[in-house]
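In the text below, chain A, chain B and the rest are named by the order of the sequence lines, each starting its count at 1.
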Amino acid sequence: MRKIQVTIDGAEFTVEVGDLSTKDGFVTATVNGVPTRVAVSSLAAPEAIQWAVVDTRPYELLIDHDLRWTQSPRGRHTLNVRDMDAGVARPASTDARIKAPIPGVVVRLLVEVGQEVVADQPVLVLEAMKMENEIRAARSGRVASLNARPGQSVKLHELLAEIV
Amino acid sequence: MRKIQVTIDGAEFTVEVGDLSTKDGFVTATVNGVPTRVAVSSLAAPEAIQWAVVDTRPYELLIDHDLRWTQSPRGRHTLNVRDMDAGVARPASTDARIKAPIPGVVVRLLVEVGQEVVADQPVLVLEAMKMENEIRAARSGRVASLNARPGQSVKLHELLAEIV
Amino acid sequence: MFKKVLVANRGEIAVRIVRACRDLGIAAVAVYEPDDIGALHVRLANEAHALSGPGSYRNPDEMLAVARRVGVDAVHPGYGLISEHPGFVRACEDVGVVVIGPGSAVLEQVRNKIGAVAQTRAVGIATTYPSSRAFAPDEGAAMLVEAEAIGFPLVVKAHAGGHGRGTHIVRDRESLMPVVIRSSGAAQAFYGDAHIYLEAAMTASRYIEVPVLGDNYGTIIHLGERDGSIQRNTRKVIGESPAPGISQTQREQIWQTALQIARLFGIRGAATIEFVVDDTGQHYFTEIKPRIQVEHLATEMITRIDLVREQLRIAAGEPLGYAQEQVRLSGVAMFCRINAEDPWHGYLPSPGHITSFRIPGGPNVRVDTYAYSGANVPVHYDSLLAKLGVWGATREECLNRVHRALQEFQISGVRTNLGLLRLIVNDPEFVAGTYTTESSQRPLMDGPPPDDNLGDLAAVVALAFLSRIQSANPSTPPAFTSGWYRDSRKLPS
Amino acid sequence: MFKKVLVANRGEIAVRIVRACRDLGIAAVAVYEPDDIGALHVRLANEAHALSGPGSYRNPDEMLAVARRVGVDAVHPGYGLISEHPGFVRACEDVGVVVIGPGSAVLEQVRNKIGAVAQTRAVGIATTYPSSRAFAPDEGAAMLVEAEAIGFPLVVKAHAGGHGRGTHIVRDRESLMPVVIRSSGAAQAFYGDAHIYLEAAMTASRYIEVPVLGDNYGTIIHLGERDGSIQRNTRKVIGESPAPGISQTQREQIWQTALQIARLFGIRGAATIEFVVDDTGQHYFTEIKPRIQVEHLATEMITRIDLVREQLRIAAGEPLGYAQEQVRLSGVAMFCRINAEDPWHGYLPSPGHITSFRIPGGPNVRVDTYAYSGANVPVHYDSLLAKLGVWGATREECLNRVHRALQEFQISGVRTNLGLLRLIVNDPEFVAGTYTTESSQRPLMDGPPPDDNLGDLAAVVALAFLSRIQSANPSTPPAFTSGWYRDSRKLPS
């Protein structure tokens, strides 16, 4: 029995999950004390189209790799998940590294090494798909390194800067 | 330079293939003495949708795993391929084993062990997808083994019989 | 209007009904056998209930139990499975659940093909000329008497099925019994009923069918006519509306006959009145199909009427709301059945995992399907993967577009009949619209497709050969490496 | 009719044009930058020619060279890229290659927005009231003089773009220059041209646009009107035809004005005449878009006219062949743009590999796209993935269906705006049809979707959490694990 805390759009749920390998494919999950039977497609694949049947209610969902959000056919929800026994949580605490979220060309640097920045401050501008995209700091701190020059092409997930 | 003989619907072609890893992705293939430039998707995956551009002519194709046939958007062609240097050929010479082409239930056996059969003779009837399907011998010979009983469920590619 | 409808089917028709319900704001309730839990009709429904196990889709008792437990207003059984099970319809009627279909009384009338023909002929409508009753295969003496009365040549037909399966011509007295044995065996295998009947042979030139809609207030309209003459492996894989080979006068006469027959049987909802047209242009009633059909796709495209929606509205007691004059038959539509089967290996069905599935798009192209990239084609059910519908302002436009759409349609992972469909729409008789029922007998699959550049294909195949030798992987399943597959036969549904 | 047409574009519009060519029996010639060789428009074409490298789709000289070398009769440039490059059109005309579009003379007239408005006002048609000319950002003194003449409040607009980008209101003399600097910078970034112009402010209530078709023989018809008032991130992501918020009298007046303007400019082929309607219901001409548009999908569905086909026919010198009275505007159609972008992260574009792509089907749903499961969304080009069109006999039917279609549309591997579109069609103002240009300013993305059962989602997410911890794989790319992305801006096309 695992006990997971799931916060969806600010609403908190405690989910107790029983045996994962049942004969009929349905897992028992008790949500805030109410038991439900849940059948799901393979949920391990991040951001594939997933289906689930909860009791008699069918769903299709996209679930973010880092469990930051889930998208149902009706809309989108923000998530926060914590294993109440093991202490593991998703999304993980904010990373100090700023990586290229898409491949592109660095247009402008907006900070210098050593400069103090606050969370949400623009750090550089990346051009991709006919758009100029401002890349911002996810947390406050000091710019420890800047690994990109204007005009430089960067690959997906390439390290652009570090904030310490 | 590899020299391959390809027979399509009875028409023979000698194809000389040059360097496979070119800068621009186009490979030079000389067909019956006429050079063409060929770009293709990854052809290693059998029976996936493949694209090719030969000179300026685009194609989409399904190519059978065993190179017995190819299906273009216009129709279907039978194939026979032979490496003129190495002597490797596809399709490989007819197999002695009869395997289940689809999963299903064996309905009737039409031959007995030890019986002589001719190519194309029905060997058993397999029920699948609401159809009774006659499975026939691919070559003439003697039934060396029969690995299925009426009423038995068989899996895809399960060995049903051997003809020696 | 209904609040909640049980969709008592699976596959593309279940998806089609779920869509029609949602487009009307009705909650759609799906059912699934355990293997089918991830299927599209379940994913798209508002509510989904598990059935007990394999075979449950065909179990009228279990379906009725779900309908009562869930508390639906109505059940839509689609086609096949339990859609024409008189016991199911009657049991639903007894407990006040509406079955979207003709009602048990009409259903029993139209399912008796000999009776329906006799009833129709009695009011002066030309029909085919069947024996007075159906026969079990051991009633040889009685059959001979009827055969002499009908005269030779005659046709032996399965009593339970549609035209096609189990149908054989008999030219003389001596051949009768051997043909009966063959037909009867096929009928038992296809429809689970060995009864056959006899019918006077006629030089059937075309099969023409007229879809009709009738409400509870006496309005009955037709929706043009379709040609269903082209069959392969005894199935209609392609058809069109309007029928290309008949004159406007013939067309209007057939419509009028169809309306007369629909009124005679008191048709409610959607049904199709079927005819054969002989080589002199005369039409003869054969039977009534009282259900939604794959072929209705073409009718929906020339009328822009959503026929599943109309079924739901009529069953809910709404008046049709429009008259014959308000139905606009516009342009030309063709439909194709895309089956998971291999026409080059005796139509062997092809279950499996769909690795890619790219459907055609653009104007006036429609695809109804339960399949998608990554979907499974289960081994237990019918091979119908998808219906393709194409519309054009003229037949030429429609033809060009159906060519294009079939070329764009690409499926891998399972075998399909797309290659055969491409050959049919390239066939000169099909292009000219001069085909008859005889055309389906001609082989299409012998010659190579005319406009492929074989030298180019040789180059591509040589590269495939080299790359597969290099990446040879013994774990790749050696599908179809041996054995030949012929004479697939349909089992009772 | 043409024998061979060069499709001088990529993505969904190239696929759309290839389809229209094939439906007419015209050979379609595709071009591709090296990265795009496996793209759908190449696969579906009859012939394909490589361009020299990245950026070639925008290179008019290279495109003309291909057209001449291949020997095409005509070039269809689609939208964007070189579709409104006057130099390209003139160069093609000089060598006798037909460009499917308005011709260089008309193109230059309509591209000059201030001139087009002045010319229209000169014949007595109400227009917006722009400054007499465009200004470079350093012409402060001249701008002030004009601003005083127009009066405050006024609007600063980019001279090169459509409405939206670079548009800002100025309430007094003092704010003029700061706003001009901002607008001008945006105009430079979006359209590659820093010129701006001034326009009298009006309480624009709706953007209404009228698609028209004109042939070479004096026939000009309209195809109803569309509403284009809903924008997100300064782009029209959804629209409908007919416009829901105007009376039949207004509608007919706007059509008549549009036809008058189309005749004034001598429109050939397909074009759209755009208006703003103020809160008193008066309409004012703003500009002409002389090309095929994504929005035309809705028009095609209410008229059943294939507009790319009509462009080809008209350019080939065929008469339109029908008059205004023969155009039937039937039912209601909505269109959606499906973009590869993340509305929850500042509309950051999302290139990548599409791992699954399941498009909606059923009656009266159409999807035009270059994408499929396994396709790549390249990083170099626009984020438009697909156009969705939905038709219904009534607005209510259309609304239900667009809901259903957006719920069925599932894409994974790249981020899309499907979630945003689902919120828009759930918005009470959209459902009621009472939206105005102001509606787009309201945030939609704050609250949770109303009808999800959060407890169920919690159960599913808990299971996802457990299965991902178990299958934790360090090689999984940690996409989006850090950094925030805001204020994406469109670059000149």
Side-chain angles (χ1 to χ4, degrees), chain A residues 2 4 6 8-9 11 13 15 17 20 27 29 31-32 34 36 38 40 43-44 46-49 52 54 57 59-63 65-67 69-77 79 81 88 90 94-95 97-99 101-104 120 127-136 138 157, chain D residues 189 340 344 346 348-352 355-356 358 379-383 406-408 410 412-413 418-419 422-423 426 445 448-471 476-491 493:
Chain A
R2 300 284 287 268
I4 317 286
V6 180
I8 305 187
D9 296 327
F13 298 89
V15 184
V17 178
L20 283 179
V27 172
V31 182
N32 288 352
V34 181
T36 57
V38 186
V40 289
L43 289 169
E47 287 186 50
I49 303 167
V54 184
R57 296 176 293 279
Y59 293 90
E60 281 200 317
L61 297 167
L62 291 177
I63 303 177
H65 176 268
D66 295 306
L67 300 186
W69 51 262
T70 180
Q71 189 166 305
S72 80
R74 292 166 200 85
R76 185 170 161 129
H77 306 275
L79 298 177
V81 189
V88 184
R90 292 281 178 98
T94 309
D95 198 312
R97 296 166 300 174
I98 298 180
K99 294 172 182 171
I102 45 176
D120 220 29
E127 181 190 321
M129 291 188 95
K130 296 172 60 195
M131 308 278 276
E132 288 199 344
N133 307 288
E134 269 182 4
I135 308 299
R136 297 184 173 218
H157 302 142
Chain D
W344 279 266
L348 185 76
S350 181
T355 50
S356 50
R358 203 190 66 216
V379 71
H380 307 301
Y381 314 111
D382 190 89
S383 64
L406 285 171
Q407 295 199 2
E408 277 186 30
Q410 292 287 346
S412 68
L418 280 166
R422 291 172 191 145
L423 291 177
N426 264 315
M445 296 185 276
D451 52 353
D452 267 335
N453 186 331
L454 295 187
D456 287 355
L457 296 192
V460 177
V461 167
L463 289 174
F465 175 77
L466 290 174
S467 60
R468 290 190 195 172
I469 283 179
Q470 280 166 9
S471 70
T476 308
F480 293 87
T481 50
S482 70
W484 292 96
Y485 327 106
R486 289 273 168 75
D487 293 337
S488 292
R489 286 198 293 245
K490 200 176 177 200
L491 293 172
S493 69

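Applying the side chain to side chain donor-acceptor pair (under 3.5 Å) test to Gln410(D) and every residue at least two apart in sequence or in another chain returns Glu60(A). Under the side chain to side chain contact (heavy atoms under 4.5 Å, CB included) criterion, Gln407(D) pairs with Pro73(A), Arg74(A), Arg22(C), not counting sequence neighbours.
Without hydrogens or angle criteria, Arg76(A) side chain to Trp69(A) main chain gives no donor-acceptor distance under 3.5 Å. Side-chain N or O atoms of Thr355(D) include one that pairs as donor or acceptor with a backbone N or O of Ser412(D) at under 3.5 Å.
At a 4.5 Å heavy-atom cutoff, the contact between Val27(A) and chain D is made by side-chain atoms alone. Contacts between Ile49(A) and chain D at a heavy-atom distance below 4.5 Å involve backbone atoms as well as side-chain atoms.
For the options Arg358(D), Arg422(D), His380(D), Glu408(D), heavy-atom pairs under 4.5 Å to chain A are most numerous at Arg422(D). Chain A forms more heavy-atom pairs under 4.5 Å with one residue of Val379(D), Asp456(D), Leu418(D), Val460(D) than with any other, namely Asp456(D). In terms of heavy-atom pairs under 4.5 angstrom with chain D, the leader among Ala11(A), Ala29(A), Gly75(A) is Gly75(A).
Pairing each heavy atom of Trp344(D) with each of Leu423(D), the nearest pair is CZ2-CD1, 4.0 Å.
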